Amino acid sequence: MPLSLGPDALVPVILDRREGPYGEVVLRRRGDDFEIIANGCFLMDTSDGRSERLLIDAALDALPADRPAPAVLIGGLGVGFSLVRAAAEPRWGRIAVAERERAVVNWHLDGPLAGISGAALADPRTVVLTTDLVAYLRTTTDRYDALCLDIDNGPGWTVTEDNGNLYSPAGLADCHARLTPGGVLAVWSAQPSAEFEQALRNAGFRGVRTEEVGVARGVPDVVHLAIRAG
């Protein structure tokens, strides 16, 4: 059934609301777009995926062109734009997605977001890890050529307090350890952060830089990029 484009088209409609181990997560529809809200905090929507795609493109561009079948870990499934971008690129080998909210995974597997990510999830290179990203980075022995992380509105605007550990010296050390030599860390943010850039340098990363992408709301989103030495 077509979505209504009448006078109430821009009024958000709640499609699902669930309580999980990290609090409340909500899927809403606003006109033709979907929105994900966590604990009352707007995370992302489907209105403009340029910065989520940049997260993947910038990481791949920063890798050596002759690196065979690089493995990427995407932190946060979200509305699926980053996963879809990765699956559309034949250069990637293994594509892992860490998503701690079972509700979000279900919305993609057999819910309203399946139309966005269905083909990418069916890609044989893709595996979904229903796990907390911070804990996974701390405990796994898996290594990746790129970490593309988008679980917050930025290092200074986290969805839950525990997420702040990702941007701490210990969390960045875990990221460094999970990367292969010359691997790329890419972190999405709603705004640039000179403090986070310095934290990356202090954690032993090189080539630290920030790429901006214009979005409809006016203030550009950014991707922080850093390279693991070695």
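Reckoned from all heavy atoms, side chains included, excluding hydrogens, waters and symmetry mates. Just so it is clear, the model here is predicted, and its values are computed rather than measured.
- Checked for salt-bridge contact, Asp145 and Arg67 meet the test: a charged N lies under 4.0 Å from a carboxylate O.
- For Arg17 and Glu24, the salt-bridge test passes: some basic side-chain N is under 4.0 Å from an acidic carboxylate O.
- With rounding to the nearest 0.5 angstrom, the NE2 atom of His108 is 8.5 Å from the CG atom of Leu27.
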message: side chain to side chain contact (heavy atoms under 4.5 Å, CB included) for Asn202 and Leu172? Distances and angles first, verdict last.
response: CA-CA 9 Å; Asn202 293 343; Leu172 293 179; over 6 Å; no

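- Inter-residue side-chain proximity for Thr210 and Phe196 is flagged as unmet; no heavy-atom pair is nearer than 4.5 Å.
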task: Any chance you could lay out the side chain to side chain contact (heavy atoms under 4.5 Å, CB included) test for Leu133 and Leu149, step after step, and finish with the verdict?
output: CA-CA 9 Å; Leu133 174 68; Leu149 310 183; 3.8 Å; yes

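- Under 3.5 Å, the side chains of Asp33 and Thr46 contain a donor-acceptor pair of N or O atoms.
- Gly183 and Leu63 make their closest contact through CA-CD2, 4.2 Å (heavy atoms, listed as atom of the first residue, atom of the second, distance).
- The shortest distance between side-chain heavy atoms of Trp188 and His224 does not fall below 4.5 Å.
- Between the CG atom in Leu129 and the OG1 atom in Thr140 there is a gap of 8.0 Å [rounded to 0.5 Å].
- Inter-residue side-chain proximity for Leu200 and Leu185 is flagged as met; some heavy-atom pair is nearer than 4.5 Å.
- Between Arg28 atom CZ and Phe42 atom CZ the span is 8.0 Å, to the nearest 0.5 Å.
- One finds the CG atom of Leu121 at 6.0 Å from the CG atom of Leu109 (value rounded to the nearest 0.5 Å).
- Side chain of Arg94 to backbone of Ala71: no donor-acceptor contact under 3.5 angstrom is found.
- Between Val72 and Cys148 the shortest heavy-atom distance is CG2-SG, 3.9 Å.
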Can you list, pair by pair, the side-chain donor-acceptor contacts under 3.5 Å of residues 78-86, counting residues two or more places apart and other chains?
unit_1	atom_1	unit_2	atom_2	d
Ser82	OG	Glu52	O	2.9
Arg85	NE	Asp57	OD1	3.1
Arg85	NE	Asp57	OD2	3.1
Arg85	NH2	Asp57	OD2	2.8

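- At least one side-chain heavy atom of Leu166 sits less than 4.5 Å from a side-chain heavy atom of Cys175.
- For the residue pair Arg178 / Tyr136, no side-chain donor-acceptor distance below 3.5 Å is found, with atom types taken as modelled.
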- request: Run the numbers on Ile36 and Val25 for side chain to side chain contact (heavy atoms under 4.5 Å, CB included), then give the verdict.
  value: CA-CA 7 Å; Ile36 295 178; Val25 61; 4.2 Å; yes

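- Between the side chains of Thr130 and Glu99, no donor N or O sits under 3.5 Å from an acceptor N or O.
- Remark: Arg100 is positioned above the aromatic ring of Tyr22, its terminal NZ or CZ atom under 6.0 angstrom from the ring centre and at most 45 degrees off the axis.
- Listed here is the closest heavy atom pair of Asp110 and Asn106: OD1-O, 2.8 Å.
- Tested against Val222, the residues Ser51, Ser193, Pro192 include a single side chain to side chain contact (heavy atoms under 4.5 Å, CB included) partner, Pro192.
- If you take OG1 on Thr139 and CG on Asp174, they are separated by 9.0 Å, rounding to the nearest 0.5 Å.
- The minimum heavy-atom distance linking Glu35 with Asp45 is given by the pair CG-CB, 3.7 Å.
- Side-chain atoms of Val223 and Ser189, non-hydrogen and from C-beta on, never get closer than 4.5 Å to each other.
- With contacts defined as side-chain heavy-atom distances shorter than 4.5 Å, the pair Asp150/Met44 qualifies.
- Nearest heavy-atom pair across Phe34 and Leu15 is CE2-CD1, 3.6 Å.
- For the pair Tyr144 and Ile74, the minimum side-chain heavy-atom distance is 4.5 Å or more.
- Atom CD of Glu211 and atom CG of Leu54 lie 5.5 Å apart (nearest 0.5 Å).
- No side-chain donor-acceptor contact under 3.5 Å links Arg228 to the backbone of Gly182.
- Formation of a donor-acceptor pair under 3.5 Å by the Glu89 side chain with backbone atoms of Arg91 is found in this model.
- Checked by atom type and distance alone, the side chain of Arg125 pairs as donor or acceptor with a backbone atom of Trp92 at under 3.5 Å.
- Looking at Leu225 and Val184, their side chains come closer than 4.5 Å, going by heavy atoms from C-beta outward.
- Here the closest non-hydrogen pair linking Ala177 and Arg143 is O-NE, 3.6 Å.
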